[in-house]
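Heads up: the structure comes next, in structure tokens.
Side-chain atoms are counted along with the backbone in the values below, which use heavy atoms only and exclude waters and symmetry mates.
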Amino acid sequence: MAPIDYSKWDNIGTHSDPEEVLPQSIPRPVHASSVSSRSTITSVSTEPQSAAAEPIQAVVVRCEVEKRRLPAWSATTIPAHHPVFSQRVLPVPGLLDIPLVLRRVGTRSAESADLVNPIATYLNMDAEIGFAPPAWQSSVGTVLVARKDRKPFLPQHLEGVWMYCDYILDLFGEGGGAPRWLYNRPAFEKWWEGYCMEQRRLRSGDGGEADPDDWRAVRSPYESEGS
């Protein structure tokens, strides 16, 4: 298999609209900002919701234009009926038993490069060919990422899954085809343990779970509250 041509992901449009249909199930990573920003995203929905329903922990992943004034990704909370939960589970995260769903929030800019969102593209990659569908290779904008099962999804979890996808893409780029031995929970858990050890050594933020650079005692994605 020939190396992946990453230049195909450089054709970016000029605006990103909120999702109206199910997203399909990739760019090089950047490190999390040391600045933490917790926000709250709300939405209008006709689905019934219990008044006692607790907000769901999710992560906002920002495109280039928004990263100029805000962290690349940060913790947020959303209502249990948010439209993101109607989306289809992303292919590779699903194989890892981390059922992530993703939705554009709608970002507009006159500059095409403003809407680049490498993380969202990586998360949408196809497990067999290593490419994201065309809809996720351009005009992505800022996105919201959550767990389909509504368990807490932390900034550190987002980084871990994204960087694991990056690792997989490196193997695709070497021409060996799909690294199917990595598409399971035990393989990710082993990788996650090593990644956490390294991040704890390098990054000791003091903002707790909402701080993307606080890795002192981060929970595993499989140990989320409510599991």
Side-chain angles (χ1 to χ4, degrees), residues 1-13 16 19 21-32 59-64 67 72-73 84 87-104 107 112-148 153 155-196 198-199 221-222:
M1 180 176 179
I4 295 175
D5 180 6
Y6 291 97
S7 66
K8 294 181 180 180
W9 300 324
D10 294 333
N11 181 24
I12 308 299
S16 169
E19 289 300 314
V21 296
L22 294 179
Q24 303 296 313
S25 91
I26 135 169
R28 295 284 64 137
V30 294
H31 292 292
V59 178
V60 177
V61 182
R62 298 180 175 89
C63 62
E64 293 300 319
K67 286 193 295 184
W73 62 89
V84 70
Q87 307 302 302
R88 186 168 62 190
V89 172
L90 302 177
V92 172
L95 293 171
L96 307 178
D97 292 335
I98 305 174
L100 298 187
V101 286
L102 182 154
R103 188 175 193 270
R104 292 181 174 91
T107 311
S112 60
D114 285 349
L115 298 175
V116 171
N117 193 327
I119 298 176
T121 308
Y122 274 53
L123 293 176
N124 274 281
M125 76 170 182
D126 184 281
E128 293 302 313
I129 64 174
F131 283 104
W136 290 100
Q137 294 180 24
S138 63
S139 303
V140 175
T142 293
V143 300
L144 178 70
V145 187
R147 292 180 58 125
K148 183 85 168 182
F153 186 58
Q156 297 87 347
H157 297 165
L158 178 279
E159 180 177 340
V161 176
W162 161 47
M163 292 303 294
Y164 194 72
C165 289
D166 177 67
Y167 171 46
I168 290 171
L169 286 168
D170 283 342
L171 297 179
F172 267 110
E174 293 173 3
R180 297 183 181 88
W181 65 91
L182 296 177
Y183 296 160
N184 57 79
R185 173 172 171 169
F188 179 78
E189 286 184 307
K190 181 178 180 179
W191 180 91
W192 170 265
E193 182 179 354
Y195 189 77
C196 283
E198 180 70 5
Q199 299 313 308
Y222 304 111

Requested in this report: Specify the closest pair of heavy atoms between G141 and C63, including all atoms of both residues, with the distance to one decimal.
Outcome: C-CB, 3.5 Å
Query raised in the report: How are the rings of Y167 and W191 set relative to one another: parallel (under 30°), tilted (30 to 60°) or perpendicular (over 60°)?
Result: parallel
Query raised in the report: Roughly how far apart are C196 SG and Q156 CD, rounded to 0.5 Å?
Result: 8.5 Å
Report task. Can you sort out the partners of I168 under side chain to side chain contact (heavy atoms under 4.5 Å, CB included), two or more places apart, ordered by chain and number? Result -> V92, M125, Y164, F172, P179, L182, Y183
Query raised in the report: Do Q199 and E159 touch side chain to side chain, with heavy atoms closer than 4.5 Å?
Result: yes
Requested in this report: Measure from the side-chain N and O atoms of K148 to the backbone N and O of Q87, and report whether any donor-acceptor pair falls under 3.5 Å.
Outcome: yes
**Report entry** Minimal non-hydrogen separation, P93 against L123, with atom names
**Finding:** CD-O, 4.0 Å
**Report entry** Verdict with reasoning, V101 to F153, per side chain to side chain contact (heavy atoms under 4.5 Å, CB included)
**Finding:** CA-CA 11 Å; V101 286; F153 186 58; over 6 Å; no
Query raised in the report: Given N124, which of I119, V140, L102 fulfils the side chain to side chain contact (heavy atoms under 4.5 Å, CB included) condition?
Result: L102
Query raised in the report: Just by modelled atom types, is the P221 backbone N or O under 3.5 Å from a matching donor or acceptor in the R147 side chain?
Result: yes
Requested in this report: Starting at OG1 of T142, measure out to CZ of R103 and round the result to the nearest 0.5 Å.
Outcome: 13.5 Å
Query raised in the report: OG1/T107 to CD/E64 distance, rounded to the nearest 0.5 angstrom?
Result: 11.5 Å
Query - Separation of L100 CG from R88 CZ (nearest 0.5 Å) - result: 14.5 Å
Report task. Using the side chain to side chain contact (heavy atoms under 4.5 Å, CB included) rule, take D126 and F131 through it: C-alpha gap first, then chi angles, then the decisive distance, then the call. Result -> CA-CA 5 Å; D126 184 281; F131 283 104; 5.7 Å; no
Report task. Report yes or no: is the cationic atom of R185 (NZ for Lys, CZ for Arg) closer than 6.0 Å to the six-membered ring centre of W192, at no more than 45° off its axis? Result -> no
Report summary line: Tightest non-hydrogen contact, residues A146 and V84, listed as CB-CG1, 4.2 Å
Query raised in the report: When rounded to the nearest 0.5 angstrom, what is the spacing between CE in M163 and CG in L158?
Result: 11.5 Å
Query - Gap between atom CZ of R62 and atom CG of L144 - 0.5 Å precision - result: 10.5 Å
Requested in this report: State whether the side chain of D97 and the backbone N or O of N184 hold a donor-acceptor pair below 3.5 Å, judged by distance alone.
Outcome: no
**Report entry** Sequence neighbours excluded - salt bridge (Lys or Arg N to Asp or Glu O under 4.0 Å) pairs with any residue from residues 134-144
**Finding:** none
Query - Partners passing side chain to side chain donor-acceptor pair (under 3.5 Å) against E193 (at least two apart in sequence or in another chain) - result: none
**Report entry** Sidechain-backbone polar pair: Q137 side chain, A132 backbone, donor-acceptor under 3.5 Å
**Finding:** yes
